[in-house]
Amino acid sequence: MKNKKLRSIFKFSPIFLAISTLNMPLAVHAADFTNGGFEAGDTSGWTVTGGTWNGTPIAPLDPATYTGVGGVSAVVTTSTPDSYIAQYNSLNSTTISPVFDGSSAVRINDDNNNTSVTVISQTVTGYVGNKIYIAWLAVLEGSHDVTDSDHFVIKVRDNTTNTDVQTISYSSANTAGFFTDVGGGIYVSGWQAQAIDVTQGNDFTISLLAADCPYGGHWGYVYLDFAGSVAPAGLTITSGQPGATPNIVAAGNVSGGSGVNLISTQNNGASPNYYNVFDGGTLSIDTTGQTYSGDFSITSNGALIDQNGNAVTLSGVFSDNASDVGSLQIINTGSGGAVTLTGVNLYTGSTTIDSGATLIISSAGVLGAGDYAGNISNSGTLTYNSTANQVFSGIVSGDGVLNKSSTSTLTLNGVNTFSGTTNLTDGTLLVGSSANNSTARLLGTVIIGTSGTLAGYGTVGSSATTLINNGTVSPGNNSVAVLNIGGAYTQAASGNLSLDLTPTTNDQLAVVGAANLDGSVTVNGSSGTYSPTRYTLLTSSGRAGTFSTLNSDLSSYTSLGYFISYDTNNVYLTLGPDSVNTTLGLSAIHDQLKSIFAAKNESLLSGLSYDCNLFGENNICLSTGGRLTYTSSSTDKLDDNRPSNASALLIGAYRADKDLRIGAWIDQDLYTQNKNIRISNSNPMIGLFGVYYPSGNSTGLQAKASLSYVDKKVEITRDQLANTEPGQGSTKFKGFGAQFELAYGLDDVISESVLSPFIGVRNYDSSTGAYSEVSSATVQVPVNYSKYSQRASMVFSGLKLEGKLSKELTYNVSGGLEKDTNANNPSYAGTSNIYGLSSFNLNSQSNQRESRMFANVGTTYLLDKNETLSLGVSFREDRFKGTSLVSGMLTYTIGL
């Protein structure tokens with residue numbers, strides 16, 4: 001390889017050389033690097049450390065991490081033999097030696113294959129100059145890939161600002177064009193020199209690391225000769241040295257560049273012959289509104305574009321120069337303007353946008369061919385306006401402005417630290433493209449325009465920011481996910497929260513801060529078998545407002561109903577009936593059921609008092625008539641909630657002996673009124689009784705035993721409250737009553753009357769059987785009910801007074817008190833598949849009363865010797881407080 005093919009990393013003009021030469025006496029001493037050229041013949045002033053490398057971490061290694069012993073270094077002179085440099089000289093017609101300037105240099109590492117790593121470093125405080133000059137020569141043995149080959153790293157770090165000013169790194173797997181293969185796969189760079197711009201007065205550390213490959217098979221070493229503020233004499237560039245050709249486009253000097261005024265800050269003063277290669281130089285834009293279509297390549301020294309207050313469109317391709325990793329930086333020394341890239345750019349290094357600068361990716365332009373792994377530092381404005389989709393998988397940092405427009409998708413998959421404002425005006429911004437990218441984040445305030453969509457699996461915002469949604473937020477990326485909002489969330493009236501839902505899971509917006517809601521929520525279903533459940537759509541630390549509209553296609557996938565509900569912090573979608581309102585409906589049925597039971601139990605107990613005691617010559621008594629029972633309950637608010645019942649009666653008795661009569665009766669319902677509980681009129685209530693009366697009339701001892709029984713079909717329908725179903729089912733009501741009563745009639749207490757104290761015991765057992773509501777088009781989640789039962793045993797006592805008002809008219813009045821001796825706590829219970837209502841158990845234990853009053857009043861009119869007409873009214877308190885019953889009975893009796 002000829003010497004003219006070599007490129008020096010450092011280039012500058014003769015004018016600068018002259019200025020540097022004049023300034024040399026001012027920059028030699030204080031706060032400069034000690035023994036920078038190793039002219040002391042040793043490494044005094046430097047620190048030599050080392051270690052070994054086993055392949056972890058991957059190359060390039062960081063010099064700062066190798067602080068142990070074991071480094072291999074040697075101070076060399078111009079006469080120190082190096083066969084590889086000799087071969088280099090032979091191939092390139094040069095006469096270089098292991099020393100670049102002066103009489104001494106240092107060699108870091110050696111040519112032994114032993115996985116060794118050597119680092120030499122020095123720190124200077126209050127550096128005197130504004131440039132650091134270095135010179136190096138690398139010898140590398142060809143080996144493996146770039147991540148595990150022998151290599152070297154030179155790093156200049158500004159300790160004052162904690163930033164890396166310059167990093168130079170090559171390995172035997174990515175040698176640049178200035179390396180020469182001297183035979184046997186040994187690469188020699190020749191001497192390379194560089195002037196590094198630094199801030200005068202800051203503190204700096206310069207480090208050089210040389211490493212063998214991690215497997216003990218290949219070696220690498222580097223010579224370092226100069227580190228200081230004054231350029232060494234041997235650094236003068238002549239036409240025979242590498243890099244004599246400037247590396248940035250100038251006006252009219254490149255084919256296709258006509259009319260484009262792009263001025264390079266690097267110019268060696270010779271006749272212009274420019275390459276489209278960035279090698280650490282600056283491209284300054286000095287006119288606005290122009291477009292340049294040429295391609296650019298970027299060496300590892302980077303590209304700097306100064307928009308200089310002007311707008312320019314660069315439609316060519318920016319790519320790495322050979323195997324270098326090229327980086328791009330945009331600055332603005334003027335005011336306004338922008339740099340617009342419209343090509344499919346391929347460079348792989350970092351992108352930096354300084355404060356005041358603007359980089360626009362437009363047309364069909366992309367970075368990294370559409371999947372850019374380089375880091376982006378944005379302290380200015382980055383606008384992505386391309387029609388092509390773009391992935392940023394590196395780290396986006398800075399505090400500038402990020403604009404996303406056009407209908408494309410911009411994906412951020414890195415753990416980004418960008419804390420500036422993001423404006424999403426159109427298209428999709430995806431923060432974390434899959435569950436594997438759930439660590440992706442975008443800090444700072446995000447404002448979504450009406451045509452913008454924010455999606456992803458990562459985190460958006462921080463505790464001090466607010467996400468403002470005027471467009472669409474949609475967690476995930478065509479699959480179910482959680483999108484985290486690191487701060488507050490505000491959805492405007494035009495905003496929409498779009499969520500995917502499956503039978504088993506759903507998208508969720510997890511808001512760390514407060515959530516202020518408006519606009520719409522859209523739930524997108526998918527195929528599958530849905531069951532009643534509740535999905536959590538949004539969580540927050542405090543919710544205000546509600547969504548004004550629910551949009552969903554769930555009706556295409558399930559016949560279950562659905563609705564949105566809220567609590568203090570969260571938003572839910574419930575599939576199936578509302579458990580709260582369903583419970584209210586069940587409570588209402590329970591209250592009505594208690595009234596129905598009260599009415600039917602009253603019928604059973606009334607039947608226990610049925611009698612027929614007017615006999616003819618055949619010792620037969622027949623009585624017929626009707627009964628009306630009305631139930632009043634404090635829990636009933638409407639008249640049609642208060643059960644009433646009308647029935648027809650037939651009572652018969654036979655006088656088996658002068659002091660014993662036995663009988664039976666039928667009580668047939670004709671009409672039953674209740675709002676939600678319908679009792680069939682079939683199957684009459686029936687009963688038996690027997691009366692022992694030794695006196696042959698109502699005086700003296702009276703003993704009566706009686707039974708009653710009923711079995712009827714019952715249909716029960718729940719009211720359809722908001723977000724509930726009108727559940728309906730049928731069962732049977734069964735009731736049994738028994739009573740034994742003793743009385744003693746006294747005829748000498750009140751004239752023309754008999755006063756009878758009485759005492760007795762009675763029992764009843766009533767129940768509805770277990771049943772399930774019927775499934776239908778309107779009842780998708782039927783409720784299952786357990787058996788409901790009321791049982792009670794009681795004692796009672798009181799007084800009865802009967803007598804004549806006239807020859808044909810008699811009266812009877814009675815009253816007393818009954819008290820439970822044993823009673824169950826009836827429980828209205830059941831199960832369901834309604835979310836939040838897997839079971840229920842309603843009871844009224846605290847609402848029961850153990851002692852209750854009852855009273856009767858009646859009159860009988862004698863129509864003929866063996867014919868009477870009777871009218872009676874009874875009142876009874878039910879066992880549940882607030883419920884009472886009134887019955888009226890009209891009968892015609894004839895003795896046969």
Side-chain angles (χ1 to χ4, degrees), residues 589-610 627 629 631 633 643 645 647 664-669 672 674 677 679-680 682-690 704-716 729-741 759-771 785-797 816-830 841-845 847-854 874 876-881 883-885 887:
I589 289 295
H590 184 212
D591 289 336
Q592 294 180 50
L593 197 62
K594 288 188 294 184
S595 296
I596 287 292
F597 266 71
K600 300 313 290 182
N601 290 335
E602 166 65 10
S603 298
L604 285 170
L605 296 178
S606 294
L608 296 176
S609 64
Y610 288 170
R627 176 180 57 82
T629 299
T631 306
S633 174
N645 170 248
S647 63
W665 50 265
I666 297 175
D667 187 321
Q668 174 62 54
D669 286 340
T672 301
N674 187 64
I677 302 176
I679 299 179
S680 172
S682 61
N683 297 343
M685 182 170 60
I686 59 176
L688 300 172
F689 63 86
K704 181 181 181 181
S706 53
L707 300 172
S708 59
Y709 176 78
V710 65
D711 183 346
K712 289 180 176 292
K713 182 179 179 180
V714 179
E715 293 183 354
I716 304 175
S730 61
T731 182
K732 281 193 172 184
F733 175 88
K734 292 184 178 182
F736 173 79
Q739 179 176 294
F740 180 76
E741 178 182 332
I759 189 172
V761 295
R762 61 170 68 111
N763 172 271
Y764 70 84
D765 188 339
S766 303
S767 64
T768 52
Y771 72 96
Y785 298 85
S786 303
K787 178 180 179 180
Y788 181 77
S789 177
Q790 291 185 9
R791 300 184 304 275
S793 298
M794 62 203 78
V795 296
F796 62 91
S797 62
L817 186 69
E818 63 184 12
K819 181 177 177 60
D820 290 336
T821 58
N822 184 29
N824 75 322
N825 175 28
S827 178
Y828 188 56
N841 193 327
L842 308 174
N843 60 63
S844 304
Q845 183 175 16
N847 199 34
Q848 293 189 65
R849 47 190 172 194
E850 295 182 351
S851 298
R852 299 170 293 276
M853 296 186 298
F854 61 89
S874 64
R876 180 184 303 278
E877 288 182 328
D878 186 65
R879 66 185 295 187
F880 294 105
K881 295 177 181 179
T883 302
S884 58
L885 303 103
S887 293

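Closest approach of I677 and I589 over heavy atoms only: CD1-O, 4.2 Å. In plain terms, the two heavy atoms of T631 and A599 that are nearest each other are OG1-CB, 3.3 Å. Summarising the geometry of S680 relative to S682, their closest heavy-atom pair is OG-OG, 2.8 Å, with the distance given to 0.1 Å. Between E877 and S851, the shortest heavy-atom contact is OE1-O, 4.4 Å. The shortest heavy-atom contact between E602 and S874 is OE2-OG, 3.7 Å. When all heavy atoms are compared, the tightest approach of M685 to S603 is CE-O, 3.3 Å.
Taking the salt bridge (charged side-chain N to carboxylate O under 4.0 Å, His left out) definition, one finds that K734 meets it with nothing, sequence neighbours left out. Listed by chain and residue number, nothing satisfies the salt bridge (charged side-chain N to carboxylate O under 4.0 Å, His left out) test with D765 (two or more places apart in sequence, or in another chain). Annotation: salt bridge (charged side-chain N to carboxylate O under 4.0 Å, His left out) contacts of E818 (sequence neighbours excluded): R762, R852, R876. Residues passing the ring pair (Phe, Tyr, Trp, His ring centres under 6.0 Å) test with Y771 are Y785, sequence neighbours excluded. Remark: S797 engages I759 in a side-chain contact (heavy atoms from CB on, under 4.5 Å) (not counting sequence neighbours). For D667, the salt bridge (charged side-chain N to carboxylate O under 4.0 Å, His left out) partners two or more places apart in sequence, or in a different chain, are R627.
Not one N or O on the side chain of S827 forms a donor-acceptor pair closer than 3.5 Å with the backbone of N843. A donor-acceptor pair is defined here as one N or O able to donate and one able to accept, closer than 3.5 Å; such a pair exists between the side chain of T731 and the backbone of G769. Of the possible donor and acceptor atoms, one in the side chain of S708 sits under 3.5 Å from a partner among the backbone N and O of L604.
For the side-chain contact (heavy atoms from CB on, under 4.5 Å) with S706, the lone residue among W665, F689, Y610 that qualifies is F689. Of the residues listed (V714, V710, N645), the one engaging I679 in a side-chain contact (heavy atoms from CB on, under 4.5 Å) is V714, and it is the only one. No option in D669, N683, T768 other than D669 meets the side-chain hydrogen bond (donor to acceptor under 3.5 Å, both in side chains) test with K712.
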Item to complete: Would you sort out whether N601 and Q790 count as a side chain to side chain contact (heavy atoms under 4.5 Å, CB included), showing the intermediate values?
Response: CA-CA 9 Å; N601 290 335; Q790 291 185 9; 3.2 Å; yes
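A distance below 6.0 Å separates the ring centres of F597 and Y788.
Atom CG of L608 and atom CG of N763 lie 9.5 Å apart (nearest 0.5 Å).
More than 12 heavy-atom neighbours from other residues, nucleotides or ligands sit within 6.0 angstrom of CD on E715.
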